Chemist: 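Okay, handing you the structure first.
By convention in this document, chain letters (A, B, ...) are assigned in the order of the sequence lines, proteins followed by strands, and residues within each chain are numbered from 1. Computed from a prediction, not measured in an experiment: that's the story for all the values here.
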Number of protein chains: 2
Amino acid sequence: MNKINIKYLAKELNLAISTVSRALRDSHEISAATKAKVFALAKELNYEPNPNASGLRGQKTKMIAVVIPDMVNDFFSLVISGIEKITQSKGYHILLYFTHGDHELEVSFIKTLANGRVDGVLLSMSSENNNRHHLGELEKKGIPLVMFDRVCDTLQHVVKVTTDNYESAVIATRHLIDAGCKKIAYLQVHKNISVGKIRMKGYLDALQQHSSQASPLVLESANDNEETFQFLQQMLIKEKPDGIFASIEKLAVICYRVCEKIRLKIPEDIKVISFSNLQTASLLNPSLTTITQPAFDIGETAANELFQLINRKDKSVAVERNVVLKSRLIKGRSTARN
Amino acid sequence: MNKINIKYLAKELNLAISTVSRALRDSHEISAATKAKVFALAKELNYEPNPNASGLRGQKTKMIAVVIPDMVNDFFSLVISGIEKITQSKGYHILLYFTHGDHELEVSFIKTLANGRVDGVLLSMSSENNNRHHLGELEKKGIPLVMFDRVCDTLQHVVKVTTDNYESAVIATRHLIDAGCKKIAYLQVHKNISVGKIRMKGYLDALQQHSSQASPLVLESANDNEETFQFLQQMLIKEKPDGIFASIEKLAVICYRVCEKIRLKIPEDIKVISFSNLQTASLLNPSLTTITQPAFDIGETAANELFQLINRKDKSVAVERNVVLKSRLIKGRSTARN
DNA sequence: CGAATTCACGGAAACGTTTCCGTAAATATT
DNA sequence: AATATTTACGGAAACGTTTCCGTGAATTCG
């Protein structure tokens, strides 16, 4: 359990510490012969530079933070896979944080991250979108930030990677209308998630422009799944919608369960469409029509944007940019015409 | 963008660096009055200690690495959630690595990790289980290791967290036998994953002891999903099994697709059971009977075991321990009696 | 051939913490 | 009252790396 560091290599080779360091970094100031000797010994002893020392000296950590609500659905798993593809190719490391939808946790994570622990941050915000003061701390410390999916719509001077939520919601709603739905309900999560707001606007606009439906029908989900189940059941019985547009897949799943319980047949009695990255959507009973976000692409894109920020020369000017990726409508039997 | 570090705090308060450091760590050597002043300023300026400096000095990083094959199924997502619960409560950070089933990548990850980047490693091995020399490097450097799920069965002196794969496989096979299956096929991944081997042994033993089936029927999946689809289709047509035991959920999903294509009715014509953590298993058509591993528990347990190793006093003696958690059989319609 | 330049390397400072050691003043002990 | 101990803090070393600066020797140039 001997400490193998540059000092040890230097002593072993009768060289100065600085020489060994330069040799390892392939500096032109070092002769080929010396480099060869250093490389050989480093390889033999399995030498790896101490990241804390490098980080401390160079103010570079080769690490980025990924801060997401959680991983209960396939979306964020895919995003992370996309991020990992990029970080892996750049020799970077991923630090992973879950906010569990808790804004306070998010603030505390960002605070600890704002001190040289990472070279950059990828963030998908926690539910409560009220306060964004903590993000200024990152900018103040010169740590690049890229937001994705759940972005902060009121925050300027930041790079955001999103999908065409509005257009997709319009398409989804029109898909239900075209399938013959006369009364379409929208299942929404918390009101203060920007993604949810934008999707709902798409639903509302499409309804107004392309349907004769008298008024929109919106159900906001509860914190607890069982509670949501009850609410949805009441709504389906009372309002009798013939189309359901779920803003997230969890709500579609709950909807399937409610329909099974109260003997509503999908798609005969009621049609269901949902934003979803569920890999088994096509195997559900019936197969679920989905609006599927390019989750892996989002991860790749966000990571690439972040590395552009990390590597740029002039860090004084703030960068603002909105990258919007397209979602896809994948038809299943849940919205088949009667 | 001023650097806020201990030196700055010290100058601002007319104190020595050492005094400020001790105050921040709530040392008994510092008077209450001084502590209060230091805390106040630190809070006001949002001071956070530089992790590289702390890590370099104290040889503690407050980080652990999680090395897993990938995140294409819900299992590892849940494991990570379990791990995160523990790290979060201990103020630790998670570094995440995907090996993508590539042994070389695993070796290279472990190598970089063996140099003070992390305080401990949680590992679920990549597919190829042949070489385990790289893990010795961790032990040599005194970095604790806990393996989970895909463990190395030939490696001694290490903590392993697994599930009762053998017993579960016996139960799964017996479940099919009890449901009336006379010819049960086992769908297996790569031969050299210990988990797969153990599960297959359970299948073989259960078959021998409780079934009149002449000989076992095993199909090893190809690397490519479509290829596996073709193989399985051929096998179902040629051998006509009436029961399928899938060792991982991906194979069960492929099996569903094949059955749909060649018009085999589940469970009337053929019954299907699978190891799976699919959250939508009960919503599939038909609902899938699963052996479900306590993935979240595995994460929690592995993380707790790791922290025990990290915090123990005497690091000279190697610890060996096998924690085995129980899986659950969750009945669906895919194995209903005819 | 003397001067300027390049080459190849050594010494030392710096990154921000933590902790060992030292020390005046204050308090306690005999 | 003289000594011992505690209190509260300062100075400096150490963690391992990178890089600035310096310097003899070798090479190039006029």
Chemist: For DNA chain D, produce a single dot-bracket line, 5' to 3'. Pairs: Watson-Crick or G-U wobble, both distances under 3.5 Å. Symbols: ( ) within strand, [ ] crossing, | other strand, . unpaired.
Modeler: ||||||||||||||||||||||||||||||
Chemist: Go nucleotide by nucleotide along DNA chain C from the 5' end; which of A:Ile30 and B:Thr19 gets its closest nucleotide reached first?
Modeler: A:Ile30
Chemist: Indicate whether the side chain of A:Glu48 and that of B:Thr112 have a donor and an acceptor atom separated by less than 3.5 Å.
Modeler: no
Chemist: Inspect the surroundings of NZ in A:Lys35 and state if more than 12 heavy atoms from other residues, nucleotides or ligands are less than 6.0 Å away.
Modeler: yes
Chemist: Strictly below 4.0 Å, N to O, side chains only: are A:Glu137 and A:Lys111 in salt-bridge contact?
Modeler: no
Chemist: Is the NZ or CZ atom of B:Lys3 positioned over B:Tyr8's six-membered ring, under 6.0 angstrom from the centre and within 45° of the axis?
Modeler: no
Chemist: Take atom CZ of B:Arg25 and atom C1' of C:dG16, then tell me their distance rounded to the nearest Å.
Modeler: 13 Å
Chemist: For the pair made of NZ in B:Lys11 and P in D:dG11, what is the distance, rounded to whole Å?
Modeler: 13 Å
Chemist: What's the closest nucleotide to the side chain of A:Ser21 if the choices are D:dT19, C:dC9, C:dT17?
Modeler: D:dT19
Chemist: Would you call the rings of A:His93 and B:Tyr97 parallel, tilted or perpendicular, taking 30° and 60° as the class edges?
Modeler: perpendicular
Chemist: Regarding B:Thr34 and B:Ser31, do their side chains bring together a donor and an acceptor under 3.5 Å, going by distance alone?
Modeler: yes
Chemist: Checking all strands, does A:Asn115 fall into the base, sugar-phosphate, or nothing category for heavy-atom contacts under 4.0 angstrom?
Modeler: nothing
Chemist: Distance check needed: D:dG16 P versus A:Leu24 CG, whole Å only.
Modeler: 15 Å
Chemist: At their closest point, which heavy atom of A:His134 faces which heavy atom of A:His103, and how far apart are they?
Modeler: CE1-CE1, 3.6 Å
Chemist: Nearest 0.5 Å, what's the CE-CD distance between B:Met71 and A:Glu84?
Modeler: 9.0 Å
Chemist: Can you pull every protein N or O that's under 3.5 Å from an N or O on nucleotides 12-15 of chain C?
Modeler:
residue: C:dA14; atom: N3; partner: A:Arg57; partner atom: NH1; Å: 3.4
residue: C:dC15; atom: O3'; partner: A:Gln59; partner atom: NE2; Å: 3.3
residue: C:dC15; atom: O2; partner: A:Arg57; partner atom: N; Å: 3.3

Chemist: What is the distance from CG of A:Leu13 to P of C:dA8, rounded to the nearest Å?
Modeler: 17 Å
Chemist: Between B:Lys60 and B:Asp119, is there a salt bridge with N-O shorter than 4.0 Å?
Modeler: no
Chemist: Could you check B:Val20 against A:Asn52 and say which one's nearest nucleotide on DNA chain D is further toward the 5' end?
Modeler: B:Val20
Chemist: Mind checking whether B:Phe148 and B:Phe76 have parallel, tilted or perpendicular rings, split at 30° and 60°?
Modeler: perpendicular
Chemist: Just the rounded figure in Å: distance from P of C:dT17 to NZ of B:Lys3.
Modeler: 11 Å
Chemist: Think A:Arg22 has a side-chain N or O under 4.0 angstrom from the OP1 or OP2 of D:dT18?
Modeler: no
Chemist: Ignoring backbone atoms, establish whether A:Tyr8 has a side-chain N or O less than 4.0 Å from OP1 or OP2 of D:dT17.
Modeler: no
Chemist: Find the distance B:Glu29:CD to C:dG22:P and express it as a whole number of Å.
Modeler: 14 Å
Chemist: How long is the line joining NZ of A:Lys37 and C1' of C:dA8, in whole Å?
Modeler: 12 Å
Chemist: Expressed in angstrom and rounded to an integer, what is the separation of B:Asp26 atom CG from C:dT17 atom P?
Modeler: 17 Å
Chemist: Quick one: is A:Ser31 getting a side-chain N or O under 4.0 Å of the C:dC9 phosphate, OP1 or OP2?
Modeler: yes
